[in-house]
Trainee: 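The structure is given below, and queries will be raised subsequently.
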Amino acid sequence: MGIIERIKEIEAEMARTQKNKATEYHLGQLKAKIAKLRTQLLEPPKGSSGGGDGFEVTKYGHGRVALIGFPSVGKSTLLTMLTGTHSEAASYEFTTLTCIPGVIRYNDTKIQLLDLPGIIEGASEGKGRGRQVIAVAKSSDLVLMVLDASKSEGHRQILTKELEAVGLRLNKRPPQIYFKKKKTGGISFNTTAPLTRIDEKLCYQILHEYKIHNAEVLFREDATVDDFIDVIEGNRKYIKCVYVYNKIDVVGIDDVDRLARQPNSIVISCNLKLNLDRLLARMWEEMGLVRVYTKPQGQQPDFDEPFVLSADRGGCTVEDFCNHVHKTLVKDMKYALVWGRSARHYPQHCGLSHRLEDEDVVQIVKKKEREEGGRGRFKTHSNAPARIADREKKAPLKQ
């Protein structure tokens with residue numbers, strides 16, 4: 001029996017099992033088995049020389065956004081309108097067969113937009129080049145799930161289920177669970193918050209399913225069984241997602257209003273070019289890019305080419321900004337002068353841990369190099385020993 005058949009068999013058993021207090025341990029073990037099998041499904045087959053035929057797309061710009069959706073929902077048209085890059089669009093499905101990149105220039109930054117082939121139900125099992133599409137989505141900073149406003153709501157659930165099956169967690173944060181394997185000592189289980197959806201016995205059963213008998217487990221929040229399995233697997237990708245409903249010009253105003261009020265959703269029309277500016281603003285807001293301008297000492301700030309930071313790519317502190325400029329600048333920095341929204345007064349003297357905000361101006365003040373010598377008895381730097389008894393006495397002054 002193959003891996004896919006075993007997954008379907010376990011899913012059928014979970015569907016037959018009633019959910020109550022007596023069966024929660026059995027259901028937890030079944031969820032752990034499915035997670036292990038899906039991890040095996042994503043691994044390359046044994047004996048293969050390479051990782052397979054994926055989409056080779058070099059990272060470019062300050063961020064990467066992937067367009068994911070069913071065939072013929074308007075992904076290629078949206079790429080052409082936002083970037084100017086031509087992507088073939090036609091009235092038949094699977095017009096796009098490979099990954100087509102484009103670049104959006106917005107707010108002095110460059111954002112790479114990827115038009116991926118349409119995926120279908122069963123993409124997590126490899127249907128329709130689904131694995132290659134999802135692998136590119138894992139390397140993105142933001143996912144735009146393009147949906148057809150005239151189709152059923154089930155498409156959104158199908159795509160979300162396919163992405164979660166391969167380890168993508170949309171609009172979620174990593175669970176506050178500390179987990180570390182040990183060589184000896186058994187399982188140490190602690191919690192700092194009351195647990196209502198999982199208990200110690202169920203954690204032990206899930207760990208034994210993974211053949212883990214020595215580990216430290218600490219729950220800092222009321223997490224679920226799925227959260228605990230995600231922490232054990234350790235290969236989950238938590239990524240932001242915006243649901244883009246295209247073709248709103250073919251549905252009624254009531255449906256448009258209902259779709260626009262859903263969380264993490266935005267409605268557009270590529271045919272009539274409606275709401276595209278709001279889509280760009282939403283992308284910028286979700287990616288959280290921070291532009292930092294430099295100011296040389298005694299000169300005006302340089303507002304032409306900003307340094308772009310983000311929390312997903314390194315961080316937004318002064319230390320991250322110094323590493324972005326040059327890796328040796330952190331050791332040479334004495335303090336930083338900051339103007340902008342993150343400063344309490346202008347200019348503010350800041351250290352390495354100060355968090356920068358969008359459109360801040362930063363001036364780095366370096367340490368002064370100390371002279372090795374000095375003049376006569378008034379030397380500013382000495383290589384003398386630390387103990388007083390070991391120091392050489394200076395010659396008396398001439399009278």
Side-chain angles (χ1 to χ4, degrees), residues 55 57 64-102 104 111-124 127-137 140 142-166 168 170-171 239-253 255-280 282-283 286:
F55 299 127
V57 182
R64 171 182 274 196
V65 179
L67 294 173
I68 285 184
F70 280 100
S72 295
V73 293
K75 299 186 297 297
S76 300
T77 308
L78 182 61
L79 176 86
T80 304
M81 288 192 168
L82 293 180
T83 67
T85 304
H86 176 68
S87 180
E88 186 179 354
S91 58
Y92 54 88
E93 295 185 347
F94 294 105
T95 312
T96 305
L97 299 177
T98 185
C99 180
I100 300 176
I104 302 173
I111 301 172
Q112 187 180 42
L113 187 64
L114 302 179
D115 179 20
L116 298 170
I119 60 177
I120 57 176
E121 191 172 359
S124 59
K127 293 182 180 178
R129 303 197 75 182
R131 288 188 195 172
Q132 291 92 328
V133 172
I134 295 172
V136 175
S140 304
L142 177 69
V143 169
L144 292 184
M145 188 180 291
V146 186
L147 301 164
D148 193 337
S150 60
K151 299 288 179 65
S152 68
E153 278 291 310
H155 286 188
R156 176 169 171 170
Q157 282 76 23
I158 291 172
L159 287 174
T160 304
K161 182 181 177 182
E162 293 295 331
L163 294 177
E164 288 192 346
V166 294
L168 271 174
L170 303 179
N171 297 323
I239 192 168
K240 294 179 181 177
C241 176
V242 176
Y243 301 97
V244 182
Y245 287 93
N246 189 21
K247 304 181 183 180
I248 60 171
D249 51 322
V250 298
V251 297
I253 189 65
D255 294 330
V256 173
D257 182 65
R258 178 178 54 83
L259 294 174
R261 292 180 184 275
Q262 292 184 2
N264 303 309
S265 301
I266 190 167
V267 292
I268 64 167
S269 172
C270 292
N271 186 25
L272 300 180
K273 300 181 181 179
L274 297 176
N275 215 24
L276 295 180
D277 53 346
R278 179 65 192 130
L279 174 61
L280 288 173
R282 185 64 181 270
M283 284 171 50
E286 292 291 339

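Residue numbers run from 1 in the order of the sequence given.
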Trainee: Is there a donor-acceptor pair closer than 3.5 Å between any side-chain N or O of Thr80 and the backbone N or O of Leu78?
Mentor: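 No: the side chain of Thr80 does not pair with the backbone of Leu78.
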Trainee: Within this structure, what is the CG-CD distance for the pair Leu159 and Gln157, rounded to the nearest 0.5 Å?
Mentor: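 Here the interatomic distance stands at 9.5 Å.
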Trainee: Dump the intermediate steps for side chain to side chain contact (heavy atoms under 4.5 Å, CB included) on Leu144 and Leu67, then the final yes or no.
Mentor: CA-CA 5 Å; Leu144 292 184; Leu67 294 173; 3.7 Å; yes
Trainee: Using modelled atom types only, decide if a donor and an acceptor are shared between the side chain of Ser140 and the backbone of Val136 within a distance under 3.5 Å.
Mentor: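 Yes.
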Trainee: What is the distance from atom NZ of Lys247 to atom CD1 of Ile268, rounded to the nearest 0.5 Å?
Mentor: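 If I round to the nearest 0.5 Å, the distance is 11.0 Å.
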Trainee: Would a 4.5 Å heavy-atom cut-off, applied to side chains only, mark Val242 and Met145 as touching?
Mentor: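 When only atoms from C-beta onward are counted, Met145 and Val242 do not touch, as no gap falls below 4.5 Å.
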Trainee: Please check if any side-chain donor atom of Ser150 sits under 3.5 Å from a side-chain acceptor atom of Asp148, or the reverse.
Mentor: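 There is such a pair (donor and acceptor under 3.5 Å, judged by atom type) between the side chains of Ser150 and Asp148.
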Trainee: Report yes if some heavy atom in the side chain of Leu82 is under 4.5 Å from a heavy atom in the side chain of Leu279; otherwise report no.
Mentor: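 Leu82 vs Leu279: side chains touch.
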Trainee: Testing the basics here: between Cys241 and Asn171, what is the closest heavy-atom pair and its distance to 0.1 Å?
Mentor: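 That closest heavy-atom pairing would be N-OD1, 2.9 Å.
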Trainee: Would a 4.5 Å heavy-atom cut-off, applied to side chains only, mark His155 and Val73 as touching?
Mentor: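 Counting from C-beta outward, His155 and Val73 never come under 4.5 Å.
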Trainee: Let me confirm one number: the OG1-CG distance from Thr77 to Leu79, rounded to the nearest 0.5 Å.
Mentor: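 That separation rounds to 9.5 Å.
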Trainee: Look up atom CG in Leu276 and atom CZ in Arg278, then write down how far apart they are to the nearest 0.5 Å.
Mentor: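 Leu276 CG to Arg278 CZ: 12.5 Å, rounded to 0.5 Å.
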Trainee: Report yes if some heavy atom in the side chain of Tyr243 is under 4.5 Å from a heavy atom in the side chain of Arg156; otherwise report no.
Mentor: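 They are in side-chain contact.
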Trainee: If every non-hydrogen atom of Gly102 is compared with every non-hydrogen atom of Thr85, which pair is closest and at what distance?
Mentor: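 The pair with the smallest heavy-atom distance is CA-OG1, 3.6 Å.
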Trainee: Report the distance from atom CD of Gln262 to atom CD of Glu153, rounding to the nearest 0.5 Å.
Mentor: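 These two atoms lie 5.0 Å from each other.
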Trainee: With rounding to the nearest 0.5 angstrom, report the CD1 to CZ distance, Ile111 to Arg64.
Mentor: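 Rounded to the nearest 0.5 Å, the CD1-CZ separation comes to 13.5 Å.
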Trainee: Taking all non-hydrogen atoms of both residues, which atom of Ile239 and which atom of Leu142 are closest, and how far apart?
Mentor: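 The answer is CD1-N, 4.2 Å.
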Trainee: Ignoring hydrogens and angles, tell me if any N or O in the side chain of Lys75 forms a donor-acceptor pair with the backbone of Leu114 under 3.5 Å.
Mentor: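 Not at all, since once roles are kept as given, no pair shorter than 3.5 Å links the two residues.
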Trainee: Identify the heavy atoms of Ala137 and Ala66 that sit nearest to each other, and give their distance.
Mentor: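 Nearest heavy atoms, Ala137 then Ala66: CA-CB, 4.3 Å.
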Trainee: Mind checking what makes side chain to side chain donor-acceptor pair (under 3.5 Å) contact with Arg282, not counting sequence neighbours?
Mentor: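 Only Glu286 meet the side chain to side chain donor-acceptor pair (under 3.5 Å) criterion with Arg282.
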Trainee: Taking all non-hydrogen atoms of both residues, which atom of Ser265 and which atom of Tyr245 are closest, and how far apart?
Mentor: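 What the structure gives for the nearest pair is OG-CE1, 3.8 Å.
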Trainee: Side chain to side chain contact (heavy atoms under 4.5 Å, CB included) between Leu259 and Val251: does it pass, once the steps are laid out?
Mentor: CA-CA 11 Å; Leu259 294 174; Val251 297; 5.5 Å; no
Trainee: Are the side chains of Asn271 and Asn246 in touch, meaning some heavy atoms are under 4.5 Å apart?
Mentor: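 Asn271 vs Asn246: side chains apart.
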Trainee: Any side-chain heavy atom of Leu147 within less than 4.5 Å of one from Lys151?
Mentor: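 Side-chain contact under 4.5 Å: no.
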Trainee: Can you confirm whether Asn264 sits close enough to Leu170 that some side-chain heavy atom of one is under 4.5 Å from a side-chain heavy atom of the other?
Mentor: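 Not in contact.
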Trainee: How close do Asp115 and Ser76 get, counting heavy atoms only, and between which atoms?
Mentor: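 Looking at all heavy atoms of both residues, the shortest contact is OD2-OG, 2.8 Å.
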Trainee: A side-chain contact here means heavy atoms from C-beta on lying under 4.5 Å apart; do Ile104 and Met283 qualify?
Mentor: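 In contact.
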